[in-house]
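The structure appears right after this line, and notes come after that.
Not measured: the values here are computed from a predicted model.
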Amino acid sequence: MPTSHKVQRAAISLALDRTLKYIYKDPYPNLVKMADRAGKIFGGMFPSENFRKFKAAAADPDNVWTQYVLGLLRDIDPRVVKRMIMSMGVDAGLYGTKTVRKLREELHCNVPFLMLFDPTSACNLHCKGCWAAEYGHKQSLTNEEMASIVAQGKEMGTHLYMLTGGEPLIRKNDIIDLARENPDCTFVVYTNATLVDQKFCDDMNEVGNVSLALSLEGTEESNDWRRGDGAYRCTLEVMELLQKNKCLFGVSVCYTRRNLEYVTSEAFMQLLLEKGAKYALYFNYMPVGHDADKELIPTPAQRETMYQWLKAVRNSKTGKPIFVMDFQNDAEYVGGCIAGGRNYFHINSAGDIEPCVFIHYSDTNIRTHTLKQALQSPLFMQYYHNQPFNDNHLRPCPMLENPEMLRKMVKESGAHSSDLVHTESVDTLCDRCVDFATAWAPEAQRIWTSTPHRDTHTQYYRDTEEGKRAFAGCAGCMGCAAAAKDEAEADETQKTEDARLS
């Protein structure tokens with residue numbers, strides 16, 4: 001960390017101490033004043049419009065986001081509140097973002113804002129449709145490798161890390177040590193909750209920069225059908241323990257054709273609020289792995305229901321005081337697919353560097369390549385050159401909604417299957433997605449053309465000077481690229497029709 005960064009960070013930390021101390025005395029009436037103080041602390045670092053909106057929301061006691069902030073101050077250990085503001089707001093949001101953007105220009109490739117990695121493939125559950133359930137206790141990253149991932153990431157401006165698996169908390173002591181050694185980073189751990197105990201709650205609050213995303217999917221019946229008997233009750237008990245200890249946590253929800261009505265119900269949302277969850281991260285089921293079941297993919301009608309539900313639950317007047325996001329349906333806010341290093345990538349427990357947690361193909365490994373080398377590898381450059389995979393950001397994914405794109409990128413890059421047990425060809429994977437992609441395309445277009453969208457101000461490779469030159473000639477013009485894509489989509493549709501007739 002540069003000396004100037006350390007000095008400025010120390011000054012911000014002291015100012016934040018004073019501000020939070022003032023707020024905690026009388027949270028609601030002091031919230032508007034906090035915005036003024038925040039403007040002075042972070043003046044010039046963030047747009048003034050952000051502070052104006054914050055003040056306006058804080059002045060309205062009925063505003064959902066005012067209630068949300070007050071809930072954080074009331075329910076979360078003050079040490080965690082401060083550490084998260086520093087690591088996410090200052091280290092990631094301020095210093096990290098600047099470094100990431102600078103490197104993107106220098107390296108002419110994607111550079112991520114966050115990274116996912118798997119401390120271990122081991123898991124103590126066997127959830128239906130989960131590829132990790134097949135892996136067994138086969139692979140783990142060493143402590144040195146995890147430390148190296150974070151160190152390399154920070155050099156690139158990445159200060160946010162999500163830990164997946166397997167069950168990451170099989171390595172919970174190592175994770176706490178990693179968080180303690182990197183106070184300028186935030187670590188979000190996706191967990192089945194079975195290994196959370198009082199000591200781990202104490203450790204979380206001591207380091208202050210670890211949060212848990214607990215797997216939970218609706219009712220006891222809908223949850224345990226996929227995750228096993230007793231999983232639901234175990235998770236609720238752990239939520240109560242975390243709430244009692246004022247730990248920061250949320251839930252991770254995989255929505256499927258079978259459970260969508262339960263994970264979007266009023267009862268489920270009320271349960272999350274009562275148990276103290278502060279965020280809910282929703283994932284569309286992806287048919288990945290040897291035991292994948294494409295019948296669990298939500299239908300187009302369910303996908304549209306999810307899209308509308310998200311808008312309702314986040315409404316500042318009538319929504320819920322919990323941060324909810326859906327990595328599939330929220331692509332319009334981030335300019336499409338964020339994988340391939342555009343905003344994130346994934347490292348599995350064998351060290352394979354993958355463009356996405358759901359895309360198990362790789363051409364690099366942390367034991368043979370640096371992270372920068374991986375970002376400039378043929379597979380990752382395929383992502384860089386081809387994003388967005390669809391200008392309709394309700395069809396962001398190169399696998400689920402544009403399977404012809406993933407086929408092309410894997411084959412042209414020469415990437416290999418990085419599944420730890422069953423090698424899976426890209427054609428086998430993409431074939432499972434064709435039916436949904438074909439059915440969803442016209443519905444997505446109808447919704448997209450009838451709904452207003454924000455300008456994300458995203459610059460893609462095609463918008464850079466290099467990209468413009470690359471697409472300047474007829475052989476590489478955007479029109480030809482679009483025509484080739486239309487032809488590939490037509491081929492996918494014909495394959496589906498041929499299969500149906502046969």
Item to check | Option among D202, D203, D197 that satisfies the salt bridge (charged side-chain N to carboxylate O under 4.0 Å, His left out) test with K172 | outcome: D197
Next on the checklist: Determine whether the aromatic ring centres of residues Y262 and W225 are separated by less than 6.0 angstrom.
Outcome noted: no
Checklist entry - Can you list the steps and then say if L14 with R18 is a side chain to side chain contact (heavy atoms under 4.5 Å, CB included)? => result CA-CA 7 Å; L14 288 173; R18 293 193 294 268; 4.2 Å; yes
Next on the checklist: Checking the side chain of S362 only, and the main-chain atoms of I353 only, is there a donor and an acceptor separated by less than 3.5 Å?
Outcome noted: yes
Checklist outcome for this item: Exactly one of Y344, F345, Y190, F187 clears ring-ring contact (aromatic ring centres under 6.0 Å, His included) with Y161, and that residue is F187
Checklist entry - Does any donor atom in the side chain of N209 or R180 lie under 3.5 Å from an acceptor atom in the other side chain? => result no
Checklist entry - Judged by atom type as modelled, is there a donor-acceptor pair below 3.5 Å linking the side chain of R79 to the main-chain atoms of G208? => result no
Checklist entry - Got a donor-acceptor contact below 3.5 angstrom from the Q139 side chain to the L420 backbone? => result no
Next on the checklist: Looking only at side-chain N and O atoms, does Y279 offer a donor or acceptor that is under 3.5 Å from a partner on S211?
Outcome noted: yes
Next on the checklist: Under a 3.5 Å cutoff, is there a donor and acceptor pairing between the side chains of T186 and S87?
Outcome noted: yes
Checklist entry - Can you find a side-chain donor-acceptor pair between Q328 and E401 that sits under 3.5 Å? => result yes
Item to check | Under 3.5 Å side-chain donor-acceptor pair for D26 and N30 | outcome: no
Checklist entry - Is the closest side-chain heavy-atom distance between V334 and D330 below 4.5 Å? => result no
Checklist entry - Between T164 and D118, is any side-chain donor less than 3.5 angstrom from a side-chain acceptor? => result yes
Next on the checklist: So which atom in T318 and which in N315 form the shortest heavy-atom distance, rounded to 0.1 Å?
Outcome noted: N-OD1, 3.0 Å
Next on the checklist: What I want to check is whether the side chains of S417 and T423 have a donor and an acceptor closer together than 3.5 Å.
Outcome noted: no
Checklist entry - Cut-off 3.5 Å, side chains only: do Y383 and N110 have a donor facing an acceptor? => result no
Next on the checklist: Are F283 and Y255 an aromatic pair, judged by ring center distance below 6.0 Å?
Outcome noted: no
Item to check | Worked check of side chain to side chain contact (heavy atoms under 4.5 Å, CB included) between K317 and D60 | outcome: CA-CA 10 Å; K317 292 293 186 181; D60 179 5; 2.4 Å; yes
Checklist entry - So does Q198 have more than 12 non-hydrogen atoms from other groups sitting under 6.0 Å from CD? => result yes
Next on the checklist: Main chain of N63, side chain of S316: is a donor-acceptor contact present, judged purely on distance under 3.5 Å?
Outcome noted: no
Item to check | Any side-chain donor near an acceptor of the partner, E167 and N192, under 3.5 Å | outcome: yes
Checklist entry - Are the side chain of R342 and the backbone of C337 linked by a donor-acceptor contact shorter than 3.5 Å? => result yes
Checklist entry - Is the backbone of H346 close enough, under 3.5 Å, to the side chain of E354 for a donor and an acceptor to pair up by distance? => result no
Checklist entry - Would you say the side chains of S222 and E217 form a donor-acceptor pair under 3.5 Å? => result no
Checklist entry - Salt-bridged, K154 to D91, with N to O below 4.0 Å? => result no
Next on the checklist: When you compare the side chains of S148 and Q152, does any donor N or O come within less than 3.5 Å of an acceptor on the partner?
Outcome noted: yes
Checklist entry - Does R454 pair with E332 as a salt bridge, N-O distance under 4.0 Å? => result no
Next on the checklist: Once you measure the plane-to-plane angle for Y68 and W65, does it fall in the parallel (<30°), tilted (30-60°) or perpendicular (>60°) bin?
Outcome noted: perpendicular
